[in-house]
Engineer: 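Shown below is the structure under consideration.
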Number of protein chains: 2
Amino acid sequence: MSISSRFAVGIHILTLLEVNKDEVNSSEFIAASVNTNPVVIRKIMGMLKKAELVNVRPGVAGAELARKLDEITLLDVYKAVEAVPENELFSVHGNPNPQCTVGRNIQAAVLPIFAGAQAVMEKALAHVTIEDIVQSIEEQDKQIE
Amino acid sequence: MSISSRFAVGIHILTLLEVNKDEVNSSEFIAASVNTNPVVIRKIMGMLKKAELVNVRPGVAGAELARKLDEITLLDVYKAVEAVPENELFSVHGNPNPQCTVGRNIQAAVLPIFAGAQAVMEKALAHVTIEDIVQSIEEQDKQIE
DNA sequence: CTACATGTAACTAAATTAATTACAAGATAA
DNA sequence: TTATCTTGTAATTAATTTAGTTACATGTAG
């Protein structure tokens, strides 16, 4: 299956908090930009808050980034919103037959390869920050007219 | 969500076809090694066949590899079993608000990054062949005793 | 023809996702 | 304090996917 769109929405939210930092970023306002329900935003925001990427307070309208733009990587967001369960990008079938050569060794053979593939993917995400996204978006928007 | 375990099972199957190549590899036999239902194996086998990785014939017991060991990469298997839908590892929320700077640019900003992360992951899989897995398994099995 | 294997359709239970309703609890201004 | 708005969160829903299972049609070989 695909990685949850919570990841893309999380990036959207953080980017919006910066681009729209002079206004009040309520969950309703953000939901209008993402085009979803405010509760969905609040749920994701809760995860971003738990990861200390944003500041939100109960009862107080609006949220802010909790770190500098260039200190939030896409990997931070990816982990924060649990884009993938228990850090396992690949799933492996359980209980292969231990009486079979392949069965009793397949997991040990495959796990390090999966871990490696996951690692290079995560490293790619770690090299991009919200600042990069903000720049990219402002650059693109100029050219739209 | 995690990538379907069909991927790990597909690797298991192909490896078993090699390690057990002197015997008849029926779906029932393979299912016993994977520890699942023979129909699950036949379904995955159908996908591997469509990708021309194995030879199977209706009514005839047993399957064989359709290529040399070192000409089947894990990426081939990954694609064959559709470990991920429509080649999209990451999903992106649809219809963000075009009246918002972030809304109308977020997809264009995020897609190339997602594509890059997916590409490096797939490249890691492309560097490993079934031959590597077979070797790794036989190596490990010696040390079990 | 018989016996057995593959190919497939159909159904199931479980898990996850995203959306939604409803409401409790916190904060602020009048 | 009260009224109002917001966040936090529980509960429900429909849709999708997964892995497993039953049932059976089709193909092959002896």
Side-chain angles (χ1 to χ4, degrees), chain A residues 1-10 12-13 17 23-51 54-64 66 78 81-86 88-96, chain B residues 1-10 12-13 17 23-51 54-64 66 78 81-86 88-96:
Chain A
M1 283 247 346
S2 282
I3 289 166
S4 168
S5 70
R6 278 195 303 274
F7 181 32
V9 173
H12 186 141
I13 292 173
L17 292 189
E23 312 289 329
V24 175
N25 291 291
S26 66
S27 64
E28 191 173 5
F29 174 82
I30 298 173
S33 173
V34 172
N35 191 25
T36 185
N37 191 294
V39 177
V40 171
I41 298 298
R42 292 204 285 271
K43 208 176 295 178
I44 296 176
M45 198 76 89
M47 302 174 102
L48 297 174
K49 179 183 183 179
K50 193 172 168 189
V54 299
N55 293 322
V56 209
R57 280 183 305 159
V60 179
E64 298 168 352
Y78 177 88
V81 301
E82 293 168 27
V84 146
E86 291 172 45
E88 296 214 347
L89 179 57
F90 297 89
S91 46
V92 181
H93 54 297
N95 311 318
Chain B
M1 280 240 355
S2 282
I3 289 167
S4 167
S5 71
R6 279 196 303 272
F7 181 32
V9 173
H12 187 141
I13 292 173
L17 291 188
E23 311 290 331
V24 175
N25 292 290
S26 65
S27 65
E28 190 173 5
F29 175 83
I30 299 171
S33 172
V34 173
N35 191 22
T36 184
N37 191 292
V39 177
V40 172
I41 299 297
R42 293 205 284 273
K43 208 175 297 180
I44 295 175
M45 198 75 91
M47 302 176 101
L48 297 174
K49 179 183 183 179
K50 193 172 169 188
V54 300
N55 293 323
V56 210
R57 279 183 305 158
V60 179
E64 299 168 351
Y78 177 87
V81 302
E82 293 168 25
V84 146
E86 292 171 48
E88 296 214 347
L89 178 59
F90 297 89
S91 46
V92 180
H93 55 298
N95 311 319

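Each chain gets a letter, A, B and so on, in the order its sequence line appears, and its residues count up from 1.
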Engineer: Give the nucleotide from the list C:dG7, C:dA18, D:dT9 with an atom nearest to the side chain of B:K49.
Structural biologist: C:dG7
Engineer: How many whole angstroms separate atom NZ of A:K50 from atom C1' of D:dG8?
Structural biologist: 14 Å
Engineer: Taking the side chain of B:S26 as heavy atoms from C-beta outward, which of D:dT22, C:dA5, D:dT18 is closest to it?
Structural biologist: C:dA5
Engineer: Tell me which of B:T36 and B:P85 sits closer to the 5' end of DNA chain D, going by the nucleotide each one is nearest to.
Structural biologist: B:P85
Engineer: So which nucleotide from D:dT18, D:dA23, C:dT6 ends up closest to the side chain of B:R6?
Structural biologist: D:dT18
Engineer: Return whichever of A:P58 or A:K43 has its heavy-atom-nearest nucleotide of DNA chain D closer to the 5' end.
Structural biologist: A:P58
Engineer: Side chains of A:L17 and A:I30: does their closest heavy-atom pair fall under 4.5 Å?
Structural biologist: yes
Engineer: Looking only at side-chain atoms of A:N37, point me to the closest of C:dG26, C:dT20, C:dA18.
Structural biologist: C:dT20
Engineer: What is the distance, to the nearest angstrom, from the CG atom on B:N55 to the C1' atom on C:dT6?
Structural biologist: 14 Å
Engineer: What's the verdict on side-chain contact (heavy atoms from CB on, under 4.5 Å) for B:T36 and B:V9, showing C-alpha distance, side-chain angles and the deciding distance?
Structural biologist: CA-CA 10 Å; B:T36 184; B:V9 173; 5.6 Å; no
Engineer: Specify the separation, in whole Å, of atom CD1 of A:I44 and atom C1' of D:dT7.
Structural biologist: 15 Å
Engineer: Which whole-number value in Å describes the distance from B:H12 NE2 to D:dA19 C1'?
Structural biologist: 16 Å
Engineer: Using a heavy-atom cut-off of under 4.0 Å over every strand shown, decide if A:V60 touches base, sugar-phosphate, or nothing.
Structural biologist: sugar-phosphate
Engineer: When the ring planes of A:F7 and B:F90 are compared, do they come out parallel, tilted or perpendicular, using 30° and 60° as the limits?
Structural biologist: tilted
Engineer: Of all the nucleotides listed (D:dG8, C:dT17, D:dA19), which has the minimum atom distance to the side chain of B:S5?
Structural biologist: D:dA19
Engineer: Can you tell me the distance, in whole Å, between the CZ atom of A:F7 and the C1' atom of C:dA18?
Structural biologist: 18 Å
Engineer: Check whether any side-chain heavy atom of B:V39 sits under 4.5 Å from a side-chain heavy atom of B:R42, and report yes or no.
Structural biologist: yes
Engineer: Starting at atom CZ of B:R42, determine the distance to atom C1' of D:dT26, rounded to an integer number of angstrom.
Structural biologist: 12 Å
Engineer: Using the closest heavy atom to pick a nucleotide of DNA chain C for each, name whichever of A:A83 or A:P38 lands nearer the 5' end.
Structural biologist: A:A83
Engineer: Can you tell me how far apart CE (B:M45) and CD1 (B:I13) are? Round to the nearest 0.5 Å.
Structural biologist: 5.0 Å
Engineer: Out of D:dT6, C:dT17, D:dG8, which nucleotide sits closest to the side chain of B:M1?
Structural biologist: C:dT17
Engineer: Of the nucleotides C:dT20, C:dG7, D:dG8, which one has an atom closest to the side chain of A:V56?
Structural biologist: D:dG8
Engineer: So does B:R57 get a side-chain nitrogen or oxygen closer than 4.0 Å to the phosphate oxygens (OP1/OP2) of C:dA5?
Structural biologist: no
Engineer: Please report, rounded to the nearest Å, how far the C1' atom of C:dT16 is from the CD atom of A:E88.
Structural biologist: 16 Å
Engineer: In this structure, how many angstroms lie between the C1' atom of D:dT6 and the CD1 atom of A:I30, rounded?
Structural biologist: 12 Å
